[in-house]
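Everything below concerns the one structure shown next.
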Amino acid sequence: MSPEVAVIGLGRVGLPLAVCFADAGLAVLGVDKDADRLAALRDGRMPFKEPGTDEVLARGLAAGRLAWTERAAEAAAADAIVLTLGTPTFSHIEIDMSDIRTVLDALLPHLREGHLLVLRSTVAPGTTEFVAGYLEKHRGFTVGEDVFVAHVPERIAADRFMAEIGTLPCIVGGVGEGSGERAARLFEVLGAPVVATSPVQAELAKIWANILRYATFALPNLLMMDCERYDANVFEVIDLINRDYPRGGIARPGFTAGTCLRKDFAFSEERSNAPGMLLAVSRVNESVPLFLVEGMRRRLGSLRERKVAVLGLAFKRDTDDERDSLSHKLIRLLERELADVAVHDPVVATPTASFSEAIAGADAVVVATDHSEYANPDGLAAIAAEAAPDCLVVDPWNAFGAAQVFGYASELAALTGAAR
Ligand SMILES: NC(=O)c1ccc[n+]([C@@H]2O[C@H](COP(=O)([O-])OP(=O)(O)OC[C@H]3O[C@@H](n4cnc5c(N)ncnc54)[C@H](O)[C@@H]3O)[C@@H](O)[C@H]2O)c1
């Protein structure tokens, strides 16, 4: 099979995209340096959970339209090369594009006229023009005429890939004359409407959509902390703000994290006109685990050798993605208090205790991820029955529906009618 498109970086973004290209009829070469990942794919298995992709992977393999390699240079056999590599941030508040640089260097000697290179990763403003300039500087191409470079940002949320890939407007920012058109032709096969723009506008639209979400959730998180200071109930205040009020709409508190939200704001902070504004937003979201630990200490005293059950390791509801989850930060903070931490998560691949084991005899139970499994009265009833008497329940998501960030299990169970 001679590949029509190569996807380099078979992570949570690249792999679902690769299988969707194959499902749309293209011959696809998937590239990843992770041997375990490729071994799973060669076995016909998705290495992580993304609803609906197992079937699409199986179809692509059966049709002979998917092949795998660890060597980035082999991607040059395809006319179109899509980079879906990770783009973390350095602690210097600066994009870390070392994976992109490594792959570009591997591809450079093999690029030829007619090649299309698409940046699907989230990048700092100006990165697409940098990539185009890099190809011009090192190979003497004129981008937009003899090779083509575009930014086509991934905007799909984890767990919604198959539901959104064919419908979310696909933003295409091409460099020079022909790049946008070439990239649009490639992505049109997935069925979503294409919106053409400039590379920097595509970059800004992507990172500012995430900044909007990150700031949107920082406000109720800050309000939750303010409410503790004034002995107010954040869920009642939120209801007062939103109820029948046309200018309401504040979100609910929770652990706001994940690989995208936790880092993408820094791509704007690199060269901001309001340095620190988005760092403050990050500080609010990042301080929620500490706020909860301090709230527990205020109510229970020292946490030393007290059993604390942490419910949920994933960064958000019903996903198995633990990367950059604030649950891990919460656990680290609790361990620094010398608490005995037990963890339950019904979705992630990491082995955890069962729900009953985690809550048995617990002095406190924290809902760290609002998995749908927790959103039922049985959980609260079980805690009231099986945890220590006067077990403190910490539920910033209001997963149990008792509308208290901190409350005692027996009282909350009575309040919600969940008592056994
Ligand atoms: N995860 C999401 O929900 C999401 C959503 C939108 C955008 N994004 C953005 O998409 C990009 C990719 O995110 P992800 O979550 O898929 O990352 P990821 O870390 O899951 O995947 C990156 C993959 O690239 C591979 N890789 C790294 N260097 C390589 C090399 N030199 N050669 C071959 N393979 C290499 C890694 O092994 C890994 O499998 C990031 O820029 C991210 O910000 C992610």
Side-chain angles (χ1 to χ4, degrees), residues 6-20 29-41 46-51 53 68-76 78 81-90 94-108 110 117-125 127-128 131 151-165 168-171 202-203 205-214 256-268 314-325 349:
V7 178
I8 308 183
L10 300 173
R12 302 232 171 207
V13 164
L15 183 52
L17 180 68
V19 299
C20 284
L29 179 66
V31 184
D32 204 293
K33 65 176 184 181
D34 181 335
D36 291 344
R37 185 144 293 195
L38 291 188
L41 290 168
M46 281 295 289
F48 49 82
K49 172 177 159 282
E50 180 60 50
T53 50
W68 319 109
T69 180
E70 40 284 288
R71 283 179 294 281
E74 288 181 19
I81 303 168
V82 182
L83 305 189
T84 45
L85 297 152
T87 48
T89 46
F90 289 121
E94 170 200 355
I95 184 172
D96 172 0
M97 46 188 286
S98 49
D99 284 349
I100 291 180
R101 287 285 295 268
T102 302
V103 165
L104 279 183
D105 288 337
L107 286 173
L108 259 187
H110 307 282
L117 192 68
V118 172
L119 269 184
R120 183 72 160 168
S121 305
T122 307
V123 291
T127 305
T128 313
V131 168
H151 182 41
V152 184
E154 177 60 80
R155 303 195 302 149
I156 290 166
D159 267 5
R160 305 228 194 107
F161 198 96
M162 295 310 297
E164 294 186 348
I165 187 68
L168 275 195
C170 176
I171 297 176
E203 292 163 340
K206 167 64 201 177
I207 62 173
W208 276 84
N210 278 351
I211 288 169
L212 177 63
R213 282 178 75 69
Y214 203 43
T256 307
T259 50
C260 292
L261 294 192
R262 275 192 79 234
K263 68 163 174 91
D264 287 0
F265 78 91
F267 297 172
S268 169
F315 85 90
K316 77 169 187 186
R317 170 190 280 244
D318 298 343
T319 179
D320 66 348
D321 192 348
E322 290 177 53
R323 297 175 304 167
D324 277 347
S325 165

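Read the numbers this way: they start at 1 and go in the same order the structure lists the ligands and their atoms.
- Remark: minimum distance from atom 11 (C) of ligand 1 to any protein heavy atom is reached at Leu85 O, 3.3 Å.
- Looking at residues two or more places apart in sequence or on another chain, you find no ring pair (Phe, Tyr, Trp, His ring centres under 6.0 Å) involving Phe315.
- Counting only heavy atoms of the protein, atom 20 (O) of ligand 1 lies nearest to Arg323 NH1, 3.0 Å.
- When only non-hydrogen protein atoms are considered, atom 33 (C) of ligand 1 lies nearest to Lys33 N, 3.3 Å.
- Considering only non-hydrogen protein atoms, atom 6 (C) of ligand 1 sits nearest to Glu154 O, 3.4 Å.
- Annotation: atom 9 (C) of ligand 1 to nearest protein heavy atom, Thr122 OG1, 3.3 Å.
- Among protein heavy atoms, the minimum distance from atom 44 (C) of ligand 1 is reached at Val13 CG2, 3.2 Å.
- The protein heavy atom nearest to atom 21 (O) of ligand 1 is Gly11 CA, 3.3 Å.
- With sequence neighbours left out, Tyr214 forms a ring pair (Phe, Tyr, Trp, His ring centres under 6.0 Å) with Phe265.
- Listed by atom number, the atoms of ligand 1 under 4.0 Å from Arg37 heavy atoms are 39 (O).
- For the pair Asp32 and ligand 1, the shortest N or O to N or O distance falls below 3.5 Å.
- Of all protein heavy atoms, the one closest to atom 31 (N) of ligand 1 is Val103 CG2, 3.5 Å.
- The shortest N/O to N/O separation between Asp321 and ligand 1 does not fall below 3.5 Å.
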